[in-house]
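Everything below concerns the one structure shown next.
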Protein chains: 2
Amino acid sequence: MGIRELAKHLNISIGTVSRALNGRGDVNPETRRRVLAAAAELGYSPNQSGRSLRQGSTSAIAFMLQTYSGAELYGEPFFIGLFSGVQEVLARHGLDLIVLLNTPDGDHEAQLRRVVERRLADGILIPWTRRIDPRLDYLIQRGFPFAALGRSESGGDHPWLDLDFEQAADVAIDRLAGFGHRRIGLVNNGHDLMHGHILLAGYRRALARHGIGFDESLVRTEEMTEAGGYRLAEGLLRDGPLPTALLVGSERVAVGVYRRLNEAGIRPGRDIAIIGGMIDSPASRFLSPALTCFRLSLHDLGVRLAEALLATMPDHAEAYGGGTVQALWPLELVPRESDLMRLGG
Amino acid sequence: MGIRELAKHLNISIGTVSRALNGRGDVNPETRRRVLAAAAELGYSPNQSGRSLRQGSTSAIAFMLQTYSGAELYGEPFFIGLFSGVQEVLARHGLDLIVLLNTPDGDHEAQLRRVVERRLADGILIPWTRRIDPRLDYLIQRGFPFAALGRSESGGDHPWLDLDFEQAADVAIDRLAGFGHRRIGLVNNGHDLMHGHILLAGYRRALARHGIGFDESLVRTEEMTEAGGYRLAEGLLRDGPLPTALLVGSERVAVGVYRRLNEAGIRPGRDIAIIGGMIDSPASRFLSPALTCFRLSLHDLGVRLAEALLATMPDHAEAYGGGTVQALWPLELVPRESDLMRLGG
DNA sequence: CTGAAAGCGCTAACAG
DNA sequence: CTGTTAGCGCTTTCAG
């Protein structure tokens, strides 16, 4: 079933069929009706390869999802929420979202080159940038449209959105310091991910603001998983006096921390204050004690991210004119139980 | 940068370039070397649209991921594991995996038709079948290659893989009955998902084997989320004497159940036995008490699912000959703490 | 072993 | 408003 066949069935030319299907103005309404009816009846839609080849664009946007364990910083719930916003915007432009998972061999760069060189999509969204991220330089060099989720020292002047980790660190440390804490630990991700660096910088700055000295032994790098949280707590218990408060990267880490502390008879919110997680993932509320964390609108972030990308694509920019998007996304503290303890004094 | 340009740069014909790039035998080794070198140097890969159009196939397999809340039966960790296996197999055939998320409007069938009619992929993987699932009938009618994860009453004779929920129900009920339980509750998903029906049937049959009467009030339908688990526990507490044991669909549900029971001073593994979750998701081990659940190899399941699909595709079948795959996947019980209680008597 | 040429399905430019 | 036609980039057939 190609356009040729459909045209023959209707006794008109393929040109007219194409114009009718694509909503061009110069088609007799009755003709258009017949074409649409026949297409629906016969289950015809234009072949995407033919279309892409002719138009020089694929009508698809790729999202490079990395699944190596340490990248589960916010866990997958993060992406599900994000995608709904991204798709909402893409749908306005008739664009498909295709999610590409990193291959088992894990060569992100090769995979990215493949997308660009084979032209698998018209634009690409790059989450979890690294501090040094050759992907961004490559995309700029190729002139391929993209938007990054996360800042980076690479890539020069390019569109990005990022969570405001500095602000989150400020708010968290203010709150904990206000409760009387001065030994506040931080769990950070590894992998040279940019937000790890930023969170650490924010943490240091906020401590300094409160006149609290930086203690290297209170900062740990771990996988952002339950197992990582467990190992972290294990290490803290082993290494000496526990910090009185802890800032952790995700509710997944918190689950592991809770577990290990629980085994040691230590209860968050009573014996140690914990703030964790940037996206208020569904579990946070239902842990015992409920986890104080941060919240943001993933849907809205997805909308904005998609718009930032489209703004760089000539065919779609008109609706989103006005320069390269580079913006921080606010995080709102959700106070719950896990940090509800005031230090004596 | 097209093949034409590359050919001109090398002073040979595009036909030879194509043959060299595609590993055809009838190319002078020295010519091939030069072509490959130039392609690498200039960052050339064949345009996928042109290739697809010519070959009549896209070199892509689609995976229709549904994200409506109730479908988070096993949560997203399920898919991440599955995908690694799927991709391993696809990579052997030079096929890309593209994940399509359901659109916000949620019309799964329209989205499926789009994939088939526009030829966005050569084959498709359909997870979480419904008992009545028009998608399968449609795919069969169009002759489009697919494999389903989950059984269905629709779709006639088609390739599928499914978790062995009957066996899991058997093992769980045997274990709980062996501990002396006779009031065993079940939390099931809604949405007419096939495994809900199967799990319920297995549960009933296993109870009967132990001479335990079926009590409708012990079976609840809930979203497979933390909030669903919380509501469930809430309902059970409200409605009268708690069951002494509970079989829940996922560790996410368990988190909510734990929370509500904890608020009521009821401790799993001491006051009520809980078995939950089919895939031993990372959190299970780290909840307190650790959740007794089931385990399977997601990677291997993904491998087998991809193979089941390829076996139906003429271009790839040779390696996986031998009929339509229809198989149950075993689930292994992982005993932990949440059900470790023996009922007096 | 290589070059020339056809044609995959479609859209857009152009002529009527 | 409609028909005709070129050509997007590629692979493959065929002739040499």
Side-chain angles (χ1 to χ4, degrees), chain A residues 1-36 38-39 42-60 94-96 114-122 314-315, chain B residues 1-36 38-39 42-60 94 96 114-122 315:
Chain A
M1 168 93 290
I3 198 173
R4 213 140 235 132
E5 207 178 326
L6 181 60
K8 182 173 294 177
H9 176 261
L10 286 162
N11 266 312
I12 56 178
S13 75
I14 61 168
T16 302
V17 171
S18 175
R19 286 191 297 268
L21 252 23
N22 288 297
R24 292 272 173 288
D26 52 356
V27 180
N28 184 311
E30 170 59 13
T31 307
R32 185 193 309 281
R33 201 197 50 70
R34 286 182 56 224
V35 171
L36 258 33
L42 301 178
Y44 168 83
S45 286
N47 177 298
Q48 187 59 46
S49 298
R51 213 160 195 260
S52 300
L53 184 54
R54 175 60 226 239
Q55 305 195 127
S57 63
T58 62
S59 298
L95 296 167
D96 284 323
R114 205 177 136 79
V115 172
V116 172
E117 291 173 8
R118 306 191 83 112
R119 195 63 198 261
L120 297 177
D122 299 336
D315 287 359
Chain B
M1 168 93 290
I3 196 172
R4 209 140 239 134
E5 207 177 328
L6 181 60
K8 181 173 295 177
H9 177 261
L10 287 162
N11 265 314
I12 56 179
S13 74
I14 61 170
T16 301
V17 171
S18 174
R19 285 191 297 269
L21 252 23
N22 288 296
R24 291 271 172 287
D26 52 354
V27 178
N28 184 312
E30 169 58 13
T31 307
R32 184 192 310 282
R33 199 197 50 68
R34 284 182 56 226
V35 171
L36 260 32
L42 302 179
Y44 168 83
S45 287
N47 177 298
Q48 187 59 46
S49 298
R51 213 159 196 259
S52 299
L53 185 55
R54 174 61 225 234
Q55 305 195 127
S57 63
T58 62
S59 298
D96 283 322
R114 205 178 138 79
V115 172
V116 172
E117 292 172 8
R118 306 192 85 112
R119 196 62 198 261
L120 298 177
D122 299 337
D315 287 359

Check your understanding: CD1 of B/Ile14 versus C1' of C/dT2: gap in Å, rounded?
Key -> 13 Å
Practice item. Just do the side chain to side chain donor-acceptor pair (under 3.5 Å) check on B/Ser13 and B/Thr16 with the steps written out, would you? Key: CA-CA 6 Å; B/Ser13 74; B/Thr16 301; 3.3 Å; yes
**Study point:** Presence of B/Thr31 side-chain N/O under 4.0 Å of C/dT2 phosphate oxygens OP1/OP2
**Key:** yes
Point to revise | Contact summary for B/Met1 and B/Leu42, nearest pair of heavy atoms | key: SD-CB, 3.8 Å
Exercise for review: Using only side-chain N and O atoms of B/Gln55, determine if any of them is under 4.0 Å from OP1 or OP2 of D/dT12.
Suggested key: yes
Review point. How close or far is atom P of D/dG7 from atom CG of B/Asn47, stated in whole angstroms?
Key: 18 Å
Exercise for review: Check the distance between D/dC10's P and B/Leu53's CG and give it to me in whole angstrom.
Suggested key: 12 Å
Pairs under 3.5 Å (N/O, protein and nucleotides 13-16 of chain D):
residue, atom, partner, partner atom, Å
D/dT13, O4, B/Arg19, NH1, 3.4

Exercise for review: Search all heavy atoms of B/Ser49 against all heavy atoms of A/Leu53 and return the closest pair with its distance.
Suggested key: CB-N, 3.9 Å
Exercise for review: Answer yes or no: does a side-chain N or O of A/Ser18 lie under 4.0 Å from OP1 or OP2 of C/dC10?
Suggested key: no
Practice item. Take atom CG of B/Leu10 and atom C1' of C/dG3, then tell me their distance rounded to the nearest Å. Key: 15 Å
Review point. Given atom CE of B/Met1 and atom C1' of D/dC10, what is their separation to the nearest angstrom?
Key: 14 Å
Check your understanding: Are there more than 12 heavy atoms of other residues, nucleotides or ligands under 6.0 Å from atom CZ of B/Arg32?
Key -> yes
Check your understanding: So which one's nearest nucleotide on DNA chain C is more toward 5', B/Val27 or B/Arg118?
Key -> B/Val27
Review point. When all nucleic acid strands are considered with a 4.0 Å heavy-atom cut-off, which category describes B/Ser49: base, sugar-phosphate, or nothing?
Key: nothing
Practice item. In whole angstrom, give the distance that lies between atom CZ of A/Arg33 and atom C1' of D/dC1. Key: 17 Å
Exercise for review: Respond yes when some side-chain nitrogen or oxygen of B/Tyr44 is under 4.0 Å from OP1 or OP2 of D/dG9, and no when none is.
Suggested key: no
Practice item. Give one of base, sugar-phosphate or nothing for B/Arg24, where a contact means two heavy atoms less than 4.0 Å apart. Key: sugar-phosphate
Check your understanding: C/dA6 C1' sits how many Å from B/Arg4 CZ, rounded?
Key -> 12 Å
**Study point:** A/Arg51 and A/Asn22: side chain donor to acceptor below 3.5 Å
**Key:** yes
Point to revise | Residue pair A/Leu10 / A/Ala38: nearest heavy atoms and the distance that separates them | key: CD2-CB, 3.8 Å
**Study point:** Contact summary for B/Ala39 and B/Leu21, nearest pair of heavy atoms
**Key:** CB-CD1, 4.3 Å
Exercise for review: Can you tell me the distance, in whole Å, between the NZ atom of B/Lys8 and the P atom of C/dA4?
Suggested key: 13 Å
Point to revise | N/O (side chain, B/Arg51) to phosphate O (OP1/OP2, D/dG9) under 4.0 Å | key: no
